[in-house]
Amino acid sequence: MSAADGDRGRRSDPLLVACALRIEQVALRSAGRGAGHGSTGGHVLLRTGMGPRAAERALGRALERPGMDRAAVLATGFCAGLVPGMHPGDLVVAEETRDPQGIVTCTGSALLAEALARAAPGRTVHRGALTGSDHVVRGQERAQLRATGAIAVDMESAATLWTASRGGGRPVAAVRVIVDAPEHELVRIGTVRGGISAFRVLRAVLPAFHEWHRSLLLPRR
């Protein structure tokens, strides 16, 4: 294979964007109308269902499809912030994800954070460890997770990236929009201002995911 052939192969590697909830899927679909799937400007959107086991199963099946063996994987959706001072609509870029299965280091988190700041001006972008849970985290448990060094928690990102990374060499990332935080704990997504704000932010940041994906295809110096 020539260098040109190799470069064409890298450009054809798809981007798989994984979310869990229907409301997250709706936000991303409304943002992505008109994007061409299979091109460097497009993506494959996968709704996994809620919880780590559902995420593992859905992503495993998706990556077995033809043409997905080298796909970059980005987990996204809503999350709970763990650090006082966070607000609904803030963004979290994972530098690593953690759960009982292990730790996954994310790809290009600094560049992704910069792209998100451009896509959602005025929104705070936090970078740090994103931890996984198999249930909705409330009250004192939030403080306990913060004591481990994590800045946010959700139910699917860690399981998604762990499954994606098992083959080795695949770019992975996680971006979450805070829907509740220590001083802004919510009961249900979408019924209060914080949920609506998070929905709008998620709908706005899809271009940043594409920018991150394109950066992976540039020649390494």
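This is a predicted model, so every value here is computed, not measured. For this chain, numbers begin at 1 and follow the sequence in order.
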Which atoms form the tightest heavy-atom contact between [X] and [Y], and what is the distance?
| X | Y | result |
| --- | --- | --- |
| C79 | D154 | CB-CB, 4.0 Å |
| L46 | A58 | CD2-O, 3.9 Å |
| L112 | A208 | CD1-O, 3.9 Å |
| P171 | L216 | CB-CD1, 3.4 Å |
| G81 | M86 | CA-SD, 3.5 Å |
| M50 | A54 | O-CB, 3.5 Å |

Find the distance between [atom1] ([X]) and [atom2] ([Y]) and round it off to the nearest 0.5 Å.
| X | Y | atom1 | atom2 | result |
| --- | --- | --- | --- | --- |
| R166 | L63 | CZ | CG | 9.0 Å |
| T131 | Q144 | OG1 | CD | 12.0 Å |
| L116 | T124 | CG | OG1 | 12.5 Å |

Regarding T48 and R61, is there a side-chain donor-to-acceptor distance under 3.5 Å anywhere?
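There is no such pair between these side chains.
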Donor-acceptor pair, distance only, cut-off 3.5 Å: does the side chain of [X] make one with the backbone of [Y]?
| X | Y | value |
| --- | --- | --- |
| T160 | A55 | no |
| W212 | T107 | yes |
| H126 | A152 | no |
| R170 | A164 | yes |
| E156 | G51 | yes |
| R176 | F78 | yes |
| H135 | S133 | no |
| S30 | A27 | yes |
| E24 | A20 | yes |

Would you indicate whether the side-chain heavy atoms of [Y] and [X] approach each other to under 4.5 Å?
| X | Y | result |
| --- | --- | --- |
| R123 | S197 | yes |
| V177 | D90 | no |
| L82 | I151 | no |
| V17 | T76 | yes |
| E95 | S109 | yes |
| L206 | L28 | yes |
| R146 | P84 | yes |

Can you check side chain to side chain donor-acceptor pair (under 3.5 Å) on R98 and S157, steps first, answer last?
CA-CA 9 Å; R98 307 170 177 175; S157 291; over 6 Å; no
SB check R53 E56 (cutoff 4.0 Å)
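Judged by the 4.0 Å cut-off on N to carboxylate O distance, R53 and E56 do form a salt bridge.
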Is it the case that one hydrophobic cluster holds both [X] and [Y], taking links as side-chain heavy atoms less than 4.5 Å apart, direct or via other members?
| X | Y | result |
| --- | --- | --- |
| I23 | V179 | yes |
| V175 | V73 | no |
| L130 | V201 | no |
| L161 | V93 | no |
| V104 | L145 | no |

Would you sort out whether D180 and R138 count as a salt bridge (Lys or Arg N to Asp or Glu O under 4.0 Å), showing the intermediate values?
CA-CA 10 Å; D180 69 342; R138 299 288 185 199; 3.3 Å; yes
Working for side-chain contact (heavy atoms from CB on, under 4.5 Å), residues V92 and I178
CA-CA 7 Å; V92 172; I178 292 174; 3.9 Å; yes
Would E211 and R214 satisfy salt bridge (Lys or Arg N to Asp or Glu O under 4.0 Å), going step by step from the backbone distance to the final call?
CA-CA 5 Å; E211 185 174 340; R214 287 192 297 270; 5.1 Å; no
Ring-ring centroid check H210 H43, cutoff 6.0 Å:
yes
More than 12 foreign heavy atoms under 6.0 Å from CZ of R22: is that the case here?
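No, the 6.0 Å shell around CZ holds no more than 12 heavy atoms from other groups.
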Pair M155-D134, side-chain contact (heavy atoms from CB on, under 4.5 Å): steps then yes or no:
CA-CA 6 Å; M155 296 174 65; D134 61 1; 5.6 Å; no
Determine whether L74 and L16 satisfy the following criterion, side-chain contact (heavy atoms from CB on, under 4.5 Å), listing intermediate values before the conclusion.
CA-CA 6 Å; L74 190 150; L16 189 153; over 6 Å; no
Please walk me through it: do I103 and W162 pass side-chain contact (heavy atoms from CB on, under 4.5 Å)?
CA-CA 8 Å; I103 296 174; W162 180 262; over 6 Å; no
